[in-house]
Protein chains: 2
Amino acid sequence: MPEQSTESRRDELLRIAAGLFAEKGFKNTTVRDIADAAGILSGSLYHHFDSKESMVDEILVSFQTELFGKYDEILASDLDARSKIERAVRLSFETIDARGPEVAIFQNDADHLGKFERFSYLAERNNQSREVWMTLLREGLAAGVLRQDLDLQLVYRFIRDTVWVAVRWYRPGGDLSHDDVADQYLHILLEGITVGNSS
Amino acid sequence: MPEQSTESRRDELLRIAAGLFAEKGFKNTTVRDIADAAGILSGSLYHHFDSKESMVDEILVSFQTELFGKYDEILASDLDARSKIERAVRLSFETIDARGPEVAIFQNDADHLGKFERFSYLAERNNQSREVWMTLLREGLAAGVLRQDLDLQLVYRFIRDTVWVAVRWYRPGGDLSHDDVADQYLHILLEGITVGNSS
DNA sequence: GTCTATACCCGGATAGAC
DNA sequence: GTCTATCCGGGTATAGAC
């Protein structure tokens, strides 16, 4: 078994920290909180990491690298316009399922962290995300899939906000799978909640 | 003029605090921040308020009293089921427009504050809000306005999350009025973004 | 109603022993 | 790789003068 799941102590500490950052917020989580949860003392954390900032930095970078790799796969695929939008929406709910803490940190703390130079990549990723979605929506409009009277910028904002906000209540392993949630959400997004709509 | 807009010093301080709580979060806003913004020293705040907690408490209570009064008006009105849902959605965007800071505080800090006894009313209001929306949705279903295959609990969560999340980007006095945003959002919610849907 | 001065606690981070 | 001990800054809150 060449790739066994040996989580290094370092990775374990990052996972513990991510959970706490997600739950309480970055600033409201103390290094003592993290150390307590890991069963060590706060000073010992500094054997592994420079600072609390370094920890959240590492968490966010690795998360975003993975996520945007998947967005790029969707853009590069030969799916039709509607299917690409569906895939991108489903990717969000899969990500909430698999990487909930990272999504929550991003939702709650990215705005604040982004003000510091060290985290300037957060704003770049934000722009990149907008470009991905606007490309998908424009393709949908050009393909005649989307209604012509939509304000695409506004549609983008709604989708961006709504595909991620479920991280507040979704719990992996609960009654609803991420696929169930994605099905319902796509149905609402694509066809609305009222009767008399197509498909 | 019997009701002139004499904002008391106390009210002014609460307004300043609300803006800062909304921008930086409750815990990340210091009493010194508030005092600086008000042009006084931190010690002087304690002439007006017991504590920082009292300030956010007062802000949240008065906001919620006002908001839920309006929900009750909608419930008690003789509008048809679809119109009630539309009114409730529009009320959210009106509230974001008129009381943005309070909405933001509620969105960002209510979960955390709600863990303390002093703020237990937040959980009660949360339940009350769910009851309002579930009532409206059940009326919509009974009236044949909504699709029968919807998971109403899930629809409720989506609406709850999405009608308030616009507080993150909406700016009063900008290009889009709250009515514009509500129009577009209702269109998406009720009929979806794809072509071939009714009305 | 505001200021001065200060108490007290908790936060991130460090140095060096083990 | 962890612990002990500690520094220092900044946080909430208080007492009393003005």
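Basis for what follows: all heavy atoms, side chains included, without hydrogens, waters or symmetry-related copies. Letters A, B, ... mirror the listed sequences (proteins, then strands); counts begin at 1.
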**Asked** How many Å lie between CD1 on A:I34 and C1' on D:dG1, as a whole number?
**Response** 17 Å

**Prompt:** For A:N127, does the CG atom have more than 12 heavy-atom neighbours from other residues, nucleotides or ligands under 6.0 Å away?
**Reply:** yes

**Message:** Counting only side-chain nitrogens and oxygens, does A:R10 get under 4.0 Å of the OP1 or OP2 atom of D:dG1?
**Reply:** no

**Reported CD-to-CH2 distance for the pair B:Q107 and B:W164, which is rounded to 0.5 angstrom** = 7.5 Å

**Prompt:** Within a radius of less than 6.0 Å around CG of B:D111, do more than 12 heavy atoms belonging to other residues, nucleotides or ligands occur?
**Reply:** no

**Request:** With B:E94 as reference, evaluate B:K70, B:R87, B:R99 under the salt bridge (charged side-chain N to carboxylate O under 4.0 Å, His left out) test and give the passing residue.
**Result:** B:R87

**Integer-rounded Å distance: C:dG1 P and B:L13 CG** = 10 Å

**Request:** Name the orientation class of the two ring planes belonging to B:Y121 and B:F119 (parallel below 30°, tilted from 30 to 60°, perpendicular beyond 60°).
**Result:** tilted

**Request:** Answer with yes or no whether the side chains of A:S83 and A:D80 bring together a donor and an acceptor at under 3.5 Å.
**Result:** yes

**Asked** Are any of A:H47's side-chain N or O atoms less than 4.0 Å away from OP1 or OP2 of D:dT2?
**Response** no

**Fill in**
Given protein heavy atoms under 4.0 Å, the one-letter contact record of nucleotides 3-14 of chain C, with B base, S sugar-phosphate only and - none, is simply BB------BBBB

**Item:** Rounded distance (Å) that lies between atom C1' of D:dT2 and atom CD of A:E12
**Value:** 14 Å

